[in-house]
Every structure is written in structure tokens, then in C-alpha cells.
Amino acid sequence: MKKIVSTNNAPAAIGPYSQANLVNGVLYISGQIPIDPSTGNLVDGIEKETHQVMKNLKAILEEAGMSFSNVVKSTIFVKSMDDFAVMNEIYASYFEGGNYPARETVEVSCLPKNVSVEISMIAHQF
């Protein structure tokens with residue numbers, strides 16, 4: 001059975017999708033962009049954008065009773081691979097003890113609201 005996971009501590013969906021779905025202990029989190037849920041505004045600059053995306057993902061994980069240690073897969077979309085090193089360092093800082101998920105990072109020509117980074121995740125309840 002599918003359970004929709006939603007929190008006010010992450011931005012509301014800007015289209016016909018859920019923040020996340022929990023099915024048989026697996027949490028599928030929709031791609032998050034750098035919208036500050038307290039203001040509804042975008043943050044700007046790859047450092048701030050990456051931190052905001054990770055904060056949004058953390059809020060959704062917590063709503064489902066999980067943390068970054070439960071994440072088994074991430075997909076990262078960036079507008080420019082020139083931002084990769086900065087984004088990657090910030091992303092890595094959210095995972096304790098090198099407990100990194102499987103991942104791919106893809107450069108794309110455009111993202112929703114013309115942001116620089118979008119990240120989705122799959123997590124599993126242990």
C-alpha cells in the first residue's frame with residue numbers, strides 16, 4: 001500500500017506529484033529544488049542552493065521517520081558540471097561516516113524555475 005509523505009518543512013509540490021511516497025518500507029522522494037519552504041522563495045548560488053535542497057530532503061526523510069543514513073540511491077541534476085565540486089562537497093557533508101548512497105550526477109540544459117541543482121532520493125527503512 002502506498003502512503004503519501006508530506007511536510008510543511010519542505011516546499012509544496014509545484015506540479016501533479018507528491019513530495020514522497022512510501023511503499024513497503026521504501027521511500028521515493030521527488031526531486032527537490034532550492035525553494036525555502038518558510039518563504040516560498042528560491043535561494044541563489046550553488047552553495048546556498050545545494051544546502052537548501054539537502055535541507056528539503058532531510059525534512060521529508062524526517063517526516064517518514066528516516067535520515068540520510070537510510071538513503072540508498074540519489075539522482076543529482078546540475079545545470080553546469082562547473083558546479084560539481086562545490087555541490088559534491090556540500091552533498092557529502094550531509095552523510096555521516098562515508099555512508100554514501102549509490103548515485104549518478106547528470107548535467108542538464110534546464111531545471112524547473114531555472115535553478116542550478118535538483119536532487120531526488122530513494123531511502124529504505126531498516
Side-chain angles (χ1 to χ4, degrees):
M1 178 173 224
K2 177 175 83 171
K3 176 185 175 191
I4 294 174
V5 176
S6 182
T7 176
N8 291 331
N9 295 322
I14 58 173
Y17 60 90
S18 301
Q19 286 176 336
N21 289 313
L22 182 63
V23 180
N24 296 324
V26 179
L27 183 68
Y28 300 89
I29 304 175
S30 294
Q32 294 297 300
I33 62 173
I35 295 174
D36 180 337
S38 64
T39 65
N41 296 326
L42 292 169
V43 299
D44 192 31
I46 192 62
E47 291 105 352
K48 288 180 184 176
E49 288 186 48
T50 304
H51 277 296
Q52 187 63 58
V53 167
M54 295 303 286
K55 289 175 189 175
N56 294 344
L57 290 161
K58 181 180 180 186
I60 295 167
L61 286 163
E62 288 177 346
E63 184 67 22
M66 297 187 207
S67 70
F68 286 114
S69 66
N70 295 93
V71 177
V72 295
K73 180 77 166 66
S74 296
T75 301
I76 301 174
F77 300 99
V78 292
K79 266 182 33 179
S80 173
M81 280 295 177
D82 292 340
D83 292 332
F84 179 83
V86 172
M87 177 281 302
N88 197 52
E89 184 176 338
I90 294 166
Y91 168 90
S93 73
Y94 285 82
F95 295 92
E96 293 182 15
N99 183 18
Y100 304 121
R103 178 184 106 178
E104 65 269 328
T105 303
V106 180
E107 181 180 68
V108 296
S109 63
C110 191
L111 288 165
K113 298 192 177 276
N114 205 33
V115 300
S116 298
V117 62
E118 178 176 3
I119 303 174
S120 64
M121 292 182 166
I122 299 171
H124 191 274
Q125 292 174 325
F126 301 116

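These values consider heavy atoms only, across backbone and side chains, with no hydrogens, waters or symmetry-generated copies.
The two residues Q52 and P37 come nearest to each other via the heavy atoms NE2-CD, 3.5 Å. The two residues G25 and L22 come nearest to each other via the heavy atoms C-CD1, 3.9 Å. Taking both residues in full, the closest heavy atoms of V23 and Y28 are given as CB-CE1, 4.4 Å, listed atom of the first, atom of the second, then distance. Shown here for E49 and S116, the closest heavy-atom pair between the two residues is OE1-N, 2.7 Å. Closest heavy-atom contact between A123 and M66: CB-SD, 3.7 Å. The two atoms that bring I14 and K113 nearest to each other are CD1-CE, 4.0 Å, heavy atoms only.
Hydrophobic clustering (ILVMFWY, side-chain heavy atoms < 4.5 Å, transitive): V115 and V106 are in one cluster. No continuous path of hydrophobic side-chain contacts links L111 to M81 [ILVMFWY only; heavy atoms under 4.5 Å]. In the hydrophobic clustering of this structure, I4 does not group with M121; members are Ile, Leu, Val, Met, Phe, Trp, Tyr whose side-chain heavy atoms approach within less than 4.5 Å, directly or through other members. Hydrophobic cluster membership differs between M54 and I122, with clusters built from Ile, Leu, Val, Met, Phe, Trp and Tyr side chains linked at under 4.5 angstrom. One hydrophobic cluster holds both V71 and Y100 under the rule that ILVMFWY side chains link at heavy-atom gaps under 4.5 Å.
Side-chain contact between E118 and P112 is present, with heavy atoms from C-beta onward closer than 4.5 Å. A 4.5 Å side-chain heavy-atom check between N99 and F68 finds every atom pair outside the cut-off. Between P101 and F95 there is a side-chain heavy-atom pair separated by less than 4.5 Å. Taking the side chain as every heavy atom from C-beta outward, Q125 and L27 never approach each other to under 4.5 Å. Annotation: side chain of F84 is not in contact with side chain of E107 (no heavy-atom distance under 4.5 Å). Counting heavy atoms from C-beta on, the side chains of M87 and T105 come closer than 4.5 Å. The shortest side-chain heavy-atom distance between Q32 and I60 falls under the 4.5 Å cut-off.
Looking at residues two or more places apart in sequence or on another chain, you find no salt bridge (Lys or Arg N to Asp or Glu O under 4.0 Å) involving K48.
Note: E63 CD to N8 CG = 8.5 Å, rounded to the nearest 0.5 Å. Considering CG of L42 and CG of N114, their distance stands at 9.5 Å, rounded to 0.5 Å. Separating the OG1 atom in T7 from the CG atom in N56 is a distance of 10.0 Å, to the nearest 0.5 Å.
The only option from V53, I29, T75, I76 that meets the side-chain contact (heavy atoms from CB on, under 4.5 Å) definition with S120 turns out to be T75. Applying the side-chain contact (heavy atoms from CB on, under 4.5 Å) test between I90 and each of T50, I46, V117 identifies T50 as the sole match.
Open room surrounds CD on E96; 12 or fewer heavy atoms of other groups in view lie less than 6.0 Å from it. When the shell of 6.0 Å around NZ of K79 is examined, it contains more than 12 heavy atoms from other residues, nucleotides or ligands.
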Evaluate the criterion side chain to side chain donor-acceptor pair (under 3.5 Å) for residue pair Q19 and S30; output intermediate values, then yes/no.
-> CA-CA 5 Å; Q19 286 176 336; S30 294; over 6 Å; no
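Sorted by first and then second residue, the side chain to side chain donor-acceptor pair (under 3.5 Å) pairs with a member in residues 83-92 read S74-Y91, N88-R103; sequence neighbours excluded.
Judged by distance alone, the side chains of N9 and K55 never bring a donor and an acceptor atom under 3.5 Å apart.
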